[in-house]
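Data block below; observations after.
Side-chain atoms are counted along with the backbone in the values below, which use heavy atoms only and exclude waters and symmetry mates. No experiment lies behind these values; they were computed from the predicted model shown. Position 1 is the first residue of the sequence, and the numbers go up from there.
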Amino acid sequence: GAGVKVSARATTATEAQIKFITDLCKKLEIGDGIITDLTGKTVGDLDFADAQLVLNGLLAIKKGTATLSYNAEGKATITTK
């Protein structure tokens, strides 16, 4: 479709957030399916707040201050150490 303008007040994740998330997933060697496991949404469907939470979690994992784990239902959680 036609180009969609995104305002600064948009509730959808920004292109920069999405790129940062996918780059972090690659660096951490985890697929971006982790986003769905964490939020129930695909990376393209994240809203701004979800994207921030995911980014903060992935950055904490990268720094070694958090760990990624799965519960019995297959839901992912990021736990700070």
Side-chain angles (χ1 to χ4, degrees):
V4 179
K5 279 215 181 287
V6 179
S7 75
R9 293 190 313 255
T11 56
T12 53
T14 65
E15 281 182 40
Q17 283 177 312
I18 291 169
K19 182 177 181 344
F20 199 19
I21 288 170
T22 52
D23 287 351
L24 274 171
C25 286
K26 284 182 193 141
K27 282 192 181 108
L28 294 168
E29 298 180 3
I30 50 180
D32 61 12
I34 186 64
I35 308 312
T36 308
D37 296 340
L38 284 165
T39 65
K41 301 174 185 174
T42 63
V43 70
D45 288 333
L46 291 176
D47 63 28
F48 189 85
D50 285 335
Q52 277 305 119
L53 287 172
V54 169
L55 271 174
N56 290 342
L58 291 174
L59 286 168
I61 292 169
K62 186 170 182 261
K63 282 193 281 191
T65 58
T67 55
L68 176 66
S69 58
Y70 285 86
N71 67 16
E73 290 85 47
K75 178 104 170 98
T77 54
I78 294 174
T79 310
T80 50
K81 294 181 180 176

message: Test of understanding: clusters of I, L, V, M, F, W, Y form through side-chain heavy atoms closer than 4.5 Å, transitively. Do Val54 and Leu28 belong to the same one?
response: yes
task: For a side-chain contact (heavy atoms from CB on, under 4.5 Å) with Ile61, tell me which candidate from Leu24, Ile78, Thr67, Thr79 qualifies.
output: Ile78
Test of understanding: with side-chain hydrogen bond (donor to acceptor under 3.5 Å, both in side chains), list the residues that count as partners of [X], not counting sequence neighbours.
X: Asn56; result: none
X: Thr80; result: none
X: Thr22; result: none

field: For the student: nearest non-hydrogen atoms of Leu38 and Ala76, plus distance
entry: CD2-O, 3.4 Å
- line: Heavy-atom nearest pair, Gly31 first then Cys25, reads O-SG, 4.1 Å
With a 4.5 Å heavy-atom cut-off, do [X] and [Y] have their side chains touching?
X: Leu46; Y: Gln17; answer: no
X: Leu58; Y: Ile30; answer: yes
X: Phe20; Y: Leu59; answer: yes

Partners passing salt bridge (charged side-chain N to carboxylate O under 4.0 Å, His left out) against Asp23 (at least two apart in sequence or in another chain): Lys19
statement: Residues passing the salt bridge (charged side-chain N to carboxylate O under 4.0 Å, His left out) test with Lys41, sequence neighbours excluded, are Asp47, Asp50
- line: Separation between CG (Asp45) and CD1 (Ile35), nearest 0.5 Å, reads 12.0 Å
message: Hydrogens and angles aside, do Thr77 and Ser69 bring a side-chain donor and acceptor to less than 3.5 Å of each other?
response: yes
field: side-chain hydrogen bond (donor to acceptor under 3.5 Å, both in side chains) partners of residues 30-39, not counting sequence neighbours, each pair once
entry: Asp37-Tyr70
